[in-house]
Amino acid sequence: MIKKLNKYLEKFKELPTPFYFYDLDVLRNTLDIIKDESEKYGIKIHYAIKANSNPRILQLISLYGFGADCVSMNEIERAISTGFKPKEVFFAGVGKADKEIVSALDAQIGCFNCESVAEIEVINSIAKNHASVADIALRINPNIEAHTHKYITTGIEESKFGINIQDLKDVVSLISKLENIKLKGIHFHVGSQIDRMSVFTELCKKINELQKWFSSQNIKLQIINAGGGLGIDYENPEKMPEFQQYFSLLNKLVDFNNDQELHAEPGRSVVAQCGSLISKVLYIKKGVNTCFVIIDAGMTDLIRPALYQAVHKIENLSSDGKIFRYDIVGPICESSDTFAKDTELNETSRGDIIAIRSAGAYGEVMASRYNLRDLPYSVFSDDI
Ligand code: LLP
């Protein structure tokens, strides 16, 4: 097997571990493809900042002219300071705090994606005090099973996200009475790491049904936002996500006309494959029936395996020796601090450099200081 990161091995050995390594050529290549494939159909991209909000990554993404999907005031500020246009910044999330709504109005963002009646009322009253009118989209819960991990399933009835379809009539009648709210569109997000295109097909059908309903109420929708969720192949870190298939499906199946905009909010698929968590082997420890590789990165640096039982491909960049089976674990005082169980790795020794692949999304952004550990830092291919 060719390990693509091997060309950086000598450099990695000199740097203190653990750190996130971002291959900006991979990111540029991904962004080129997203731009080409989405522009073919006039689909507008709002990158979901939560997947990776590293300023350097955001500066690169904003150069492509994409908008930003944000879920906190700090994300909005970060997006604007790294080059995203305020009008192309959308504010989502079930729990927008009053001060965040005020700051978002001050920043003149493009749209609030609203998730409840209570929130719409609050935004209306804050906008009134602010002497402005807030453009909003309704995030609708379409009740579609995303067939992904339950913690990243967001569009079924028991999810806290979105407005239920049965409540839409009341919501629309409320909005017609509010003077500081303008309804611009509808928004959906059924989940993340979705690897079945049939889920998006089902979503498109639901979008069309709902559009018909809004038309029947004489409501014109300018924005149709299909959310994010396109999955990546964690087993093959070199593999590009299925952008072509995804955008052509959205274009083919969603009914939209010339005065409407079709939006997508990819996060993971934009940044996952460009990032790896680089770590060093501290110890090899023999268990009863296992052999542990204890590395200096832990669940504080990458929580996805502990939280979602995610499996990231792991490579020993220092060894091309015989293949053995190991449990790869971190130094944190939790048994869930395990990156892989009974996994194949070239024969491993203390000091070897380990790469945990496909970690560019929901990696660095979810790092914590549990055990009072330092936060991981980042290294970019352009700089080394
Ligand atoms: N739009 C909305 C409203 C979202 O909530 C999300 C992600 C996205 C777009 C982007 O979805 P993506 O294209 O990245 O699937 N920490 C978890 C993932 C949480 C996703 C939350 N929402 C993980 O590590 O798998």
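Everything quoted here is computed from the prediction, not taken from an experiment. Order of appearance sets the numbers: ligands from 1, and atoms from 1 within every ligand.
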*Which option, R139, H46, Q193, R268, owns the non-hydrogen atom nearest atom 25 (O) of ligand 1?*
R268
*More than 12 heavy atoms of other residues, nucleotides or ligands under 6.0 Å from NZ of K35: is that the case?*
yes
*Is there a donor-acceptor pair under 3.5 Å between the side chain of N346 and the backbone N or O of G321?*
yes
*Is E265 touching ligand 1 with its side chain, its backbone, both, or neither, if touching means heavy atoms under 4.0 Å apart?*
both
*asked:* I want to know if ligand 1 touches G191 in the polar sense, i.e. an N/O pair below 3.5 angstrom.
replied: no
*Which atoms from ligand 1 have a heavy atom of A48 less than 4.0 Å away?*
8 (C), 9 (C), 10 (C)
*Assert yes or no for the condition that the ring centre distance of H263 to F90 is strictly below 6.0 Å.*
yes
_If I apply the N/O under 3.5 Å rule, does S192 come out as touching ligand 1?_
yes
*Using the ring-ring contact (aromatic ring centres under 6.0 Å, His included) rule, take Y377 and F19 through it: C-alpha gap first, then chi angles, then the decisive distance, then the call.*
CA-CA 5 Å; Y377 69 106; F19 60 87; 5.5 Å; yes
*What part of M366 sits under 4.0 Å from ligand 1 if we count only heavy atoms: the side chain, the backbone, both or neither?*
side chain
*Does H149 reach ligand 1, in the sense of a heavy atom lying below 4.0 Å from it?*
no
*Quick one: which ligand 1 atoms are inside 4.0 Å of a heavy atom on D69?*
1 (N), 2 (C), 9 (C)
*So with a 6.0 Å cut-off around NZ of K220, is the heavy-atom count from everything else above 12?*
no
*Please confirm whether G229 comes under 4.0 Å of ligand 1, counting heavy atoms of the residue only.*
yes
*Which is it for Y308 and ligand 1 at heavy atoms under 4.0 Å: side chain, backbone, both or neither?*
side chain
*Which protein non-hydrogen atom lies closest to atom 4 (C) of ligand 1, naming both residue and atom, and how far is it?*
K50 NZ, 3.1 Å
*So is there a nitrogen or oxygen of S269 less than 3.5 Å from a nitrogen or oxygen in ligand 1?*
no
*Would you indicate whether E145, at its atom CD, is surrounded by more than 12 heavy atoms from other residues, nucleotides or ligands within a distance under 6.0 Å?*
yes
*Look at atom 8 (C) of ligand 1 and say which protein heavy atom is nearest, naming residue and atom and giving the distance to 0.1 Å.*
H189 CE1, 3.4 Å
*Would you please indicate if the ring centroids of F380 and Y22 are separated by under 6.0 Å?*
yes
*Validation row: Y234, V311 side chains within 4.5 angstrom (heavy atoms)*: no
*Do ligand 1 and Y362 have nitrogen or oxygen atoms that lie under 3.5 Å from each other?*
yes
_What protein heavy atom lies closest to atom 19 (C) of ligand 1? Include the residue and the distance to one decimal._
I152 CG2, 3.8 Å
*What's the shortest distance from atom 24 (O) of ligand 1 to any protein heavy atom, and which residue and atom give it?*
R304 NE, 2.6 Å
_Student check: side-chain heavy atoms of V329 and K285 closer than 4.5 Å_ = no
*Does P266 approach ligand 1 within less than 4.0 angstrom via side chain, backbone, both or neither, non-hydrogen atoms only?*
backbone
_Determine whether the aromatic ring centres of residues F292 and Y326 are separated by less than 6.0 angstrom._
no
*Do NZ/NE/NH1/NH2 and the carboxylate oxygens of D301 and R373 come within less than 4.0 Å?*
yes
